[in-house]
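One structure is given here, and the rest of the page talks about it.
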Amino acid sequence: MVSHGPSYRVIEAVARKEDISPSELSPPLFSAVEPEALDALVQSDADSDPEQIEVTFTYLDYVVQVQSGPTVSISIQGKNAPES
């Protein structure tokens with residue numbers, strides 16, 4: 001099984017919301033955030049600080065929230081969605 005980094009998982013999640021394939025997203029994710037930097041920030045390894053990190057940014061018409069931890073959590077909401 002291929003494991004994709006958090007940035008690719010964001011792309012997949014937004015594409016699902018848009019009901020299109022990830023390759024059809026425009027503009028690309030890097031117009032909103034540097035994918036490699038996002039992956040480096042939220043992916044944990046054995047030598048990293050266990051402190052949880054949260055990154056929030058806007059991509060297309062969505063507010064994307066990525067949290068680190070034992071597993072990376074990704075939340076996507078419409079810009080006008082009520083906060084939960």
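All values below come from the heavy atoms of this structure, side chains included, with hydrogens, waters and symmetry mates left out.
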Taken in chain and number order and not counting sequence neighbours, the residues that satisfy side-chain hydrogen bond (donor to acceptor under 3.5 Å, both in side chains) with Q65 are E54

Interatomic distance, OG@S7 vs CG@L41, rounded to 0.5 Å, equals 11.5 Å

Name all residues meeting the side-chain hydrogen bond (donor to acceptor under 3.5 Å, both in side chains) criterion together with E12; count only those two or more places apart in sequence or in a different chain, and write none if there are none.
-> none

By side chain to side chain contact (heavy atoms under 4.5 Å, CB included), which residues pair with F57, not counting sequence neighbours?
-> V10, L29, A32, V33, L38, V55, Y59, V64, V66

Could you grab the distance from atom CD1 of I76 to atom CZ of R9, nearest 0.5 Å is fine?
-> 10.5 Å

For residues 13-39, pull every pair meeting ring-ring contact (aromatic ring centres under 6.0 Å, His included), keeping only residues two or more places apart or in separate chains.
-> none

Over all atoms of both residues, closest heavy-atom pair of S68 and V42 | CB-O, 3.2 Å

Residues forming a side-chain hydrogen bond (donor to acceptor under 3.5 Å, both in side chains) with S26, sequence neighbours excluded = none

Who are the side-chain hydrogen bond (donor to acceptor under 3.5 Å, both in side chains) partners of S21, not counting sequence neighbours?
-> S23, E24

Heavy-atom closest pair (L60 atom, P27 atom, distance to 0.1 Å) is CD2-CD, 3.4 Å

